[in-house]
Visitor: 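Before we start, here is the structure in question, set down as structure tokens.
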Amino acid sequence: MAYQYRSRIRYSEIGEDKKLTLPGLVNYFQDCSTFQSEALGIGLDTLGARQRAWLLASWKIVIDRLPRLGEEVVTETWPYGFKGFQGNRNFRMLDQEGHTLAAAASVWIYLNVESGHPCRIDGDVLEAYELEEELPLGPFSRKIPVPEESTERDSFLVMRSHLDTNHHVNNGQYILMAEEYLPEGFKVKQIRVEYRKAAVLHDTIVPFVCTEPQRCTVSLCGSDEKPFAVVEFSE
């Protein structure tokens, strides 16, 4: 069965339009999967003791509407496939009538933290999760092509506030960074993110931005111009 938790949209989670921000939505999804792992006894402490971690490789997030300040929501998640070192997981946020506000498909990599390489998922971890059917969100490719006609923007440094428990830039932070380059009035209906390399404290991030009709692609690169993450927003 899907794991669920209920919440109410807080003032600290909204933007100027009084709606949940895009990074806020991602945080709800990430929190939900973390809560499920903790509830099943295979959370951060258990995996940390084994030198293991789940690393997000890619997202596809489809948005119908973003909830408003004070609105009560249900966030849910479930895995729909495991193979080797890879896990596939769906997410969904629902309103109080059960209508889908946003949904996502994601690919995760089971990592040996000590070696820094993917490794086969532990048997007890596989047994703990119950697989459910995949949401019909359309084609989902991990790879996002970087447009050739991209404009370089001012670089900035990774700060401590960007980091998570793995000492890498948090997945949602890349979306927050990329969102800064959206054109005025751009109405995001879909987000795709490909995470290629983890940025760490004091790394330099160089954004390359390509704006097209109904699409904006932001490549968040290192000083070598190789992407840490590629974020694609669609209207």
Side-chain angles (χ1 to χ4, degrees), residues 1-5 22-23 25-62 75-93 102-144 162-175 178 190-200 220 227-232:
M1 294 177 61
Y3 177 88
Q4 296 184 335
Y5 81 99
L22 299 177
L25 175 64
V26 169
N27 287 338
Y28 268 86
F29 286 163
Q30 290 189 131
D31 288 346
C32 194
S33 60
T34 301
F35 291 158
Q36 182 185 33
S37 297
E38 293 293 334
L40 293 173
I42 46 174
L44 294 179
D45 290 343
T46 300
L47 294 185
R50 303 179 184 180
Q51 293 292 302
R52 299 291 186 267
W54 285 106
L55 191 70
L56 182 59
S58 61
W59 285 104
K60 177 182 179 180
I61 305 172
V62 179
T75 307
E76 60 181 15
T77 187
W78 62 92
Y80 61 87
F82 292 107
K83 184 177 181 181
F85 55 77
Q86 179 176 303
N88 297 83
R89 178 179 284 275
N90 280 142
F91 297 86
R92 189 161 53 183
M93 179 177 281
S106 59
V107 177
W108 300 75
I109 303 300
Y110 200 61
L111 191 73
N112 181 320
V113 176
E114 192 171 22
S115 70
H117 297 300
C119 62
R120 184 170 293 275
I121 303 168
D122 294 324
D124 62 329
V125 174
L126 290 173
E127 292 174 4
Y129 292 111
E130 184 176 344
L131 297 180
E132 299 289 343
E133 290 189 14
E134 179 182 359
L135 282 176
L137 296 180
F140 176 39
S141 172
R142 281 182 54 186
K143 299 296 183 182
I144 300 176
H162 296 136
L163 306 182
D164 59 19
T165 54
N166 294 317
H167 311 297
H168 302 155
V169 171
N170 181 265
N171 305 316
Q173 289 288 333
Y174 290 105
I175 295 176
Q190 180 178 287
I191 307 169
R192 293 174 61 212
V193 188
E194 179 192 352
Y195 301 96
R196 297 192 181 181
K197 183 176 67 170
V200 297
L220 298 166
F228 292 114
V230 182
V231 185
E232 179 192 83

Visitor: Mind listing the closest non-hydrogen atom pair of Thr75 and Cys32 along with its distance?
Guide: O-SG, 3.5 Å
Visitor: With the side chain counted from C-beta on, respond yes when Val125 and Phe82 share a heavy-atom pair under 4.5 Å apart, and no when they do not.
Guide: no
Visitor: Can you say whether the rings of Trp108 and Trp59 are parallel (under 30°), tilted (30 to 60°) or perpendicular (over 60°)?
Guide: perpendicular
Visitor: Would you check if the side chain of Thr77 reaches a backbone N or O of Ser33 as a donor-acceptor pair within less than 3.5 Å?
Guide: no
Visitor: In a check of side chain to side chain contact (heavy atoms under 4.5 Å, CB included) between Val113 and each of His167, Arg52, Gln51, which one passes?
Guide: Gln51
Visitor: Would you give the length of the straight line joining atom CG of Asn88 to atom OH of Tyr80, rounded to the nearest 0.5 angstrom?
Guide: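 Here the rounded value is 4.0 Å.
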Visitor: Below 4.5 Å, heavy atoms only, C-beta onward: do Arg89 and Tyr129 meet side chain to side chain?
Guide: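 Touching, per the 4.5 Å side-chain cut-off.
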Visitor: Any sub-3.5 Å donor-acceptor pair from Arg120's side-chain atoms to Tyr110's backbone N or O?
Guide: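 Side chain of Arg120 to backbone of Tyr110, a donor-acceptor pair under 3.5 Å: no, none is there.
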Visitor: Can you confirm whether Phe228 sits close enough to Lys197 that some side-chain heavy atom of one is under 4.5 Å from a side-chain heavy atom of the other?
Guide: yes
Visitor: Can you tell me how far the OH atom of Tyr195 sits from the CD1 atom of Ile109, to the nearest 0.5 Å?
Guide: 13.5 Å
Visitor: Examine distances only and state if a side-chain atom of Glu38 and a backbone atom of Leu44 form a donor-acceptor pair shorter than 3.5 Å.
Guide: yes
Visitor: Answer whether the closest heavy-atom distance between the side chains of Asn170 and Asn27 falls below 4.5 Å.
Guide: yes
Visitor: Would you check if the side chain of Asn90 reaches a backbone N or O of Leu135 as a donor-acceptor pair within less than 3.5 Å?
Guide: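 Checked: pair present.
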Visitor: Between Asn171 and Gln30, does any side-chain donor sit less than 3.5 Å from a side-chain acceptor?
Guide: yes
Visitor: Only one of Tyr28, Phe91, Tyr5 clears ring-ring contact (aromatic ring centres under 6.0 Å, His included) with Phe35; which?
Guide: Tyr5
Visitor: Measure the OG-CZ distance between Ser141 and Arg192 for me, rounded to the nearest 0.5 Å.
Guide: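 It comes to 5.5 Å.
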Visitor: Compute the ring centroids of Trp78 and Tyr3, then answer whether they are less than 6.0 Å apart.
Guide: no
Visitor: State, with a plain yes or no, whether a side-chain heavy atom of Arg142 is found less than 4.5 Å away from one of Gln86.
Guide: yes
Visitor: What is the minimum heavy-atom distance between Val26 and Gly172, and which atoms define it?
Guide: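 Scanning both residues, the minimum pair turns out to be CG1-CA, 3.9 Å.
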Visitor: If you look at every heavy atom in Gly41 and Thr46, which pair is closest and at what distance?
Guide: O-OG1, 3.2 Å
Visitor: How long is the gap from CD on Glu232 to CD on Gln190, to the nearest 0.5 Å?
Guide: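 Between atom CD of Glu232 and atom CD of Gln190 there are 7.0 Å.
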Visitor: Only one of Asp122, Ile121, Leu126 forms a side chain to side chain contact (heavy atoms under 4.5 Å, CB included) with Asp124, so which one is it?
Guide: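 Exactly one pass, corresponding to Asp122.
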Visitor: Compare every heavy atom of Leu25 with every heavy atom of Ala102, then report the nearest pair and how far apart it is.
Guide: CB-CD2, 3.9 Å
Visitor: Looking at CZ of Arg196 and CD1 of Ile144, how far apart are the two atoms once the value is rounded to the nearest 0.5 Å?
Guide: 8.0 Å
Visitor: Indicate yes or no: at least one non-hydrogen side-chain atom of Phe29 is less than 4.5 angstrom from one of Met93.
Guide: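 Phe29 vs Met93: side chains touch.
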Visitor: Give me the atom names and distance for the closest heavy-atom approach of Ala128 to Leu40.
Guide: O-CD1, 3.6 Å
Visitor: With rounding to the nearest 0.5 Å, note down the distance linking CG in Leu55 to CG in Asn166.
Guide: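 Rounded to the nearest 0.5 Å, the CG-CG separation comes to 7.0 Å.
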